[in-house]
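These numbers were taken from a predicted model, which means no experiment stands behind them. Count residues from 1 along the sequence.
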Amino acid sequence: QVQLVESGGGLVQAGSSLRLSCAASGYTFNWYGMGWFRQAPGKEREFVAGISRNGDGTQYGDFAKGRFTVSRDNAKNTVYLRMNSLKPEDTAVYYCAAKHTIVIPTTATEYDYWGQGTQVTVSS
């Protein structure tokens, strides 16, 4: 069955960096666009970044532009999210998601599969 497993979250200080990973299995990875979302307590899930199935296209939420970088390694069935200059407001559970598409969806309801999430906490 399809599995998406996120890792790399943790507790860091403001200004630090983290790299999240999402390992996929159970489907043909390079047929799927991948997205990262986050959800803070009491808030809606929001789009962070997305990458096309062959990696030649990316999109970012406004808050992520210039600080976050999404990438993928289709040989390893893994998508990454590099986060620099982290701020306390980046604190959230981060989820990866997969969509069988050639575009990069930016809304959560468009995605087919989801991981369980990884907690990122940024202290001030």
* Asked: Mind checking whether Asn30 and Asn54 have side chains closer than 4.5 Å, heavy atoms only?
  -> no
* Within 45° cone and under 6.0 Å: Arg82 NZ/CZ vs Phe68 ring -> no
* Do you see a donor-acceptor pair shorter than 3.5 Å between the side chains of Glu89 and Thr91? -> no
* Steps toward side chain to side chain contact (heavy atoms under 4.5 Å, CB included) verdict (Arg72, Met34) -> CA-CA 9 Å; Arg72 66 190 294 162; Met34 299 297 295; 3.7 Å; yes
* Asked: Do Trp114 and Val120 share a hydrophobic cluster, counting only Ile, Leu, Val, Met, Phe, Trp and Tyr and linking them when any side-chain heavy atoms are less than 4.5 Å apart?
  -> no
* To do: May I ask you to test the Leu81-Thr69 pair for a side-chain heavy-atom distance under 4.5 Å?
  => no
* To do: Starting from Ile102, walk the hydrophobic network (Ile, Leu, Val, Met, Phe, Trp, Tyr; side-chain heavy atoms closer than 4.5 Å) and list everyone else you reach, by chain and number.
  => Val103
* To do: Please check if Leu11 and Leu86 belong to a single hydrophobic cluster, counting links between Ile, Leu, Val, Met, Phe, Trp and Tyr side chain heavy atoms closer than 4.5 Å.
  => no
* Kindly state each residue pair satisfying disulfide bond (SG atoms under 2.5 Å apart) with at least one member in residues 14-112, sequence neighbours excluded. => Cys22-Cys96
* Hey, are the side chains of Phe63 and Glu46 touching, using non-hydrogen atoms and a 4.5 Å cut-off? -> yes
* Does the ring centre of Phe37 sit less than 6.0 Å away from the ring centre of Tyr94? -> no
* Asked: Going through the checks in order, is the side chain to side chain contact (heavy atoms under 4.5 Å, CB included) test met by Asp112 and His100?
  -> CA-CA 7 Å; Asp112 300 321; His100 187 195; 3.9 Å; yes
* Just checking, is any N or O donor in the side chain of Asp73 or Thr78 under 3.5 Å from an acceptor N or O on the other one? -> no
* Please confirm whether Arg67 makes a cation-pi placement over Tyr60, using NZ or CZ under 6.0 Å from the six-membered ring centre and within 45° of the ring normal. => no
* Asked: Under the 6.0 Å and 45° cation-pi test, does Arg38 pair with Phe47?
  -> no
* Listed by chain and number, what are the side chain to side chain donor-acceptor pair (under 3.5 Å) partners of Thr107, not counting sequence neighbours? -> Glu110
* Is there a chain of hydrophobic side chains (I, L, V, M, F, W, Y, each step under 4.5 Å between heavy atoms) that links Tyr95 to Tyr27? -> no
* With side chains defined as the heavy atoms from C-beta onward, is the minimum distance between Tyr80 and Val70 less than 4.5 Å? -> no
* Asked: Going by heavy atoms in the side chains, are Phe29 and Arg53 under 4.5 Å from each other?
  -> no
* Asked: Would you call Val12 and Thr121 a side-chain contact if the rule is heavy atoms closer than 4.5 Å?
  -> no
* Asked: With a 4.5 Å limit on heavy-atom distance, are the side chains of Asp90 and Met83 in contact?
  -> no
* To do: Work out which heavy atom in Tyr111 is nearest to a heavy atom in Pro105; give both atom names and the distance.
  => OH-O, 2.6 Å
* To do: To the nearest 0.5 angstrom, please state how far the OG1 atom of Thr109 sits from the NZ atom of Lys99.
  => 9.0 Å
* Is there side-chain contact between Thr106 and Gln59, with at least one heavy-atom pair below 4.5 Å? -> yes
* Asked: In the single-linkage hydrophobic clustering (I, L, V, M, F, W, Y; side-chain heavy atoms under 4.5 Å), do Trp31 and Ile104 co-cluster?
  -> no
* Structure fact -> Of all heavy-atom pairs linking Pro88 and Ser124, the shortest is CG-CB, 3.8 Å
